[in-house]
Amino acid sequence: MLDTVFKKLMVTYFGIIIVSFLLLGLLFSQLLGNYFFDQHEELLLEEGEKINDLVIDYLNHYITKERLDLELQSVERFLDTRIWILDKRGYIYGVSSNEKEWIGKQITAKEMVDVLKGRIIVKKGTFQGTWQTPMLTVGMPILVNGQVENAIIMHSPLYVINNTIQEVHKIIWVTMAISFIISSVVIYILSKKLSQPLQSMDQAARKLALGDFSQRVAVYTEDEIGRVTQTFNDMAAQLERMEENRRSFISAVAHELRSPLTLIKGFVQGIVDGTVEENEQSKYLQIILKETTRLGKLITNLLDLQRMESNAYPIHPERFDICELIRRTLLKYEEEIERRRIKMKLDFEKDALAVMADRDGIEQVLANLIENALKFVDEDGKIGIGIQEKENKAWIAVKDNGIGISKEEQQVIWEKFYKVDKARNRNKEGTGLGLHIAKQIVERHGEQIQVESELGKGTIFQFSLIIADQ
């Protein structure tokens with residue numbers, strides 16, 4: 001039944017309000033009842049004090065019996081209260097009403113005995129079965145020279161107080177009913193406002209699970225729910241980017257694998273079928289070997305890329321000579337450099353410079369940058385590698401006088417599988433991962449890698465490393 005946050009909020013809020021209103025209503029009713037009874041009791045006691053003075057004046061013969069009866073009748077009309085005057089033996093000798101039959105009757109109730117002993121009594125209910133109507137009875141002794149000479153008994157019907165309390169109860173319950181209606185509307189709006197983002201996120205999450213990563217949830221507040229909603233949108237955007245990257249990655253990998261495999265398959269099929277002459281087989285086998293080497297390199301790069309993106313690519317900084325590492329890395333390309341008659345220039349400020357970095361990772365960065373330079377320089381071209389020290393940083397630069405990179409392409413060359421100058425097919429042997437991997441390795445060191453280039457004039461790639469303490 002309570003299968004949504006909205007229903008749970010509504011039931012919880014309504015439960016709290018109903019219980020609170022009932023408790024408050026009962027409490028107010030009880031407090032108001034006690035208050036009115038206490039107020040009426042105090043009023044009777046105050047009038048009793050005044051009557052006490054009148055009775056003493058009567059006993060001292062300062063006023064007549066008629067004057068006393070007249071005063072008692074005035075109090076009765078004012079307070080709707082019957083008044084008896086008793087002597088010290090409990091006989092009634094004065095009444096406020098025309099019920100003269102009470103004159104001369106003796107009151108023997110225990111409460112009246114207590115009054116004649118000098119105590120003030122207050123009692124609710126019928127008085128000795130005299131009246132069917134419940135009464136509030138107040139008894140006060142009349143003291144003369146410190147002795148109880150007489151007593152005053154006042155009977156006030158409770159229906160007067162009860163009617164007042166009932167009217168107040170009506171006002172209380174009507175007010176509570178109106179408050180309940182207003183609270184219900186506010187609670188409904190608030191519950192809807194709190195649960196709506198959650199319902200929207202639930203629907204969006206279901207669609208995300210089915211592969212629709214375009215889902216977003218509107219953010220209306222800046223509180224915790226708003227922040228959770230924004231986080232959900234950020235997560236959805238990240239998933240959408242990851243899905244786009246996955247699709248482009250699969251498409252790029254498929255394209256990179258299809259071309260060499262098709263080429264290899266065609267040459268092998270030609271050799272098997274005898275289409276390729278025997279004297280040309282060696283040439284085509286060399287092409288096949290070159291393509292398989294490129295496939296191997298692509299697979300190695302893909303594995304490195306997967307390790308980097310899963311944070312499994314370790315960085316182990318150590319102290320080593322960056323100048324020596326550059327020389328050793330160049331030896332791998334000595335044959336190609338001599339064959340293409342490329343002029344190499346090393347520009348080191350010092351013969352040796354110690355840095356703190358991961359040796360294998362930096363060697364891969366150097367290799368990727370050198371290979372990139374070799375692809376884009378013609379025969380008899382120039383490649384230079386230089387090192388400059390700036391603010392405890394060693395900046396390693398790889399320069400070439402190749403075709404250069406346009407301003408637009410300089411922003412995207414770091415992307416996976418991106419190849420410069422596709423139209424001229426100058427980069428057909430590359431995998432499109434070298435610069436991306438180089439950037440990932442340098443940034444994992446917390447360093448920077450930059451590119452400066454101009455079409456037709458060449459390119460400079462440079463990255464920074466921390467110089468080791470002497």
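Position 1 is the first residue of the sequence; numbering continues from there. Fair warning: this is a prediction, and the values are worked out from it, not measured in the lab.
- The main-chain N or O of K382 is found under 3.5 Å from a side-chain atom of N401 such that the two form a donor-acceptor pair.
- A 4.5 Å side-chain heavy-atom check between L27 and L23 finds every atom pair outside the cut-off.
- Nearest heavy-atom pair, G402 versus V377, reported as atom, atom and distance to 0.1 Å: N-CG1, 3.8 Å.
- Taking the charged nitrogens against the carboxylate oxygens, E336 and R340 do have a contact shorter than 4.0 Å, which makes a salt bridge.
- Atoms CD1 and NE2, on I441 and H445 in that order, are 8.0 Å from each other to the nearest 0.5 Å.
- If you check the side chains of Q238 and D234, you find no donor sitting under 3.5 Å from an acceptor.
- Under a 4.0 Å N-O distance rule, the pair E447/K393 qualifies as a salt bridge.
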Q: I would like to know whether E389 and K350 meet side chain to side chain contact (heavy atoms under 4.5 Å, CB included); could you show each step before the answer?
A: CA-CA 10 Å; E389 297 181 42; K350 300 177 182 178; 3.0 Å; yes
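- Ion pair R216/E240 flagged as a salt bridge, since at least one NZ, NE, NH1 or NH2 atom sits closer than 4.0 Å to an Asp/Glu carboxylate oxygen.
- Interatomic distance, T292 OG1 to L261 CG, rounded to the nearest 0.5 Å: 10.5 Å.
- In the displayed structure, D351 atom CG is contacted under 6.0 Å by at most 12 heavy atoms of other residues, nucleotides or ligands.
- The two residues I362 and A357 make their nearest non-hydrogen contact at CG1-CB, 3.7 Å.
- Side-chain atoms of Q410 come within 3.5 Å of backbone atoms of I405 as a donor-acceptor pair (strictly under, hydrogens ignored).
- Nearest heavy-atom pair, K407 versus S453, reported as atom, atom and distance to 0.1 Å: NZ-O, 4.3 Å.
- With hydrogens and angles disregarded, a donor-acceptor distance shorter than 3.5 Å links the side chain of D321 to the backbone of C323.
- Between E46 and K50 there is no side-chain heavy-atom pair separated by less than 4.5 Å.
- Side-chain contact between I370 and I383 is absent, with no heavy atoms from C-beta onward closer than 4.5 Å.
- One N or O on the side chain of N233 and one on the backbone of V217 form a donor-acceptor pair closer than 3.5 Å.
- Counting heavy atoms from C-beta on, the side chains of V19 and L22 never come closer than 4.5 Å.
- With rounding to the nearest 0.5 angstrom, the OH atom of Y333 is 7.5 Å from the CG atom of L374.
- Using a 4.5 Å heavy-atom threshold, the side chains of L346 and R327 count as touching.
- Under a cut-off of 6.0 angstrom, the local environment of CD in E379 is crowded, with over 12 non-hydrogen atoms contributed by other residues, nucleotides or ligands.
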Q.
Before you tell me yes or no, could you show the steps for I385 and L369 under side chain to side chain contact (heavy atoms under 4.5 Å, CB included), namely the whole-Å CA-CA distance, both residues' side-chain angles and the distance that decides it to 0.1 Å?
A. CA-CA 10 Å; I385 303 178; L369 295 181; over 6 Å; no
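- F348 places none of its side-chain heavy atoms less than 4.5 Å from the side chain of L353.
- Around the CZ atom of R206, the shell of radius 6.0 Å holds no more than 12 heavy atoms that belong to other residues, nucleotides or ligands.
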(Q) What verdict does the side chain to side chain contact (heavy atoms under 4.5 Å, CB included) test give for V122 and L136, after you've listed the backbone C-alpha separation in whole Å, the side-chain angles of each residue and the deciding distance to 0.1 Å? (A) CA-CA 7 Å; V122 178; L136 174 63; 3.8 Å; yes
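- Looking at Q215 and Q203, their side chains never come closer than 4.5 Å, going by heavy atoms from C-beta outward.
- With rounding to the nearest 0.5 angstrom, the CG atom of D400 is 5.0 Å from the OG1 atom of T459.
- We find that E443 and K439 are joined by a salt bridge, their nearest charged nitrogen and carboxylate oxygen being less than 4.0 Å apart.
- Considering every non-hydrogen atom in both V398 and A373, the closest pair reads CG1-CB, 4.3 Å.
- Residues I396 and V365 are not in side-chain contact: their nearest non-hydrogen atoms beyond the backbone lie 4.5 Å or more apart.
- Between atom CD1 of residue I322 and atom CD1 of residue I387 there is a gap of 6.0 Å, rounded to the nearest 0.5 Å.
- Within a 6.0 Å sphere centred on CZ of F320, other residues, nucleotides and ligands contribute more than 12 heavy atoms.
- Defined by atom type and a distance below 3.5 Å, a donor-acceptor pair is missing between the side-chain atoms of Q448 and S464.
- Rounding to the nearest 0.5 Å places CE of M154 at 15.0 Å from CZ of R82.
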Q. Could you go step by step and tell me if H436 and Q440 meet the side chain to side chain contact (heavy atoms under 4.5 Å, CB included) rule?
A. CA-CA 6 Å; H436 179 78; Q440 293 290 320; 3.6 Å; yes
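- Relative ring orientation between W414 and F461 is described as perpendicular, the plane-to-plane angle rising above 60° on a 0-90° scale split at 30° and 60°.
- A pairwise comparison of heavy atoms in I437 and Q364 identifies CG2-NE2, 3.6 Å as the closest pair.
- For the pair R319 and A468, the tightest heavy-atom approach, listed with the atom from each and the gap, is NH1-CB, 3.5 Å.
- Under the 3.5 Å distance criterion, the side-chain polar atoms of D358 are left unmatched by any main-chain donor or acceptor of I315.
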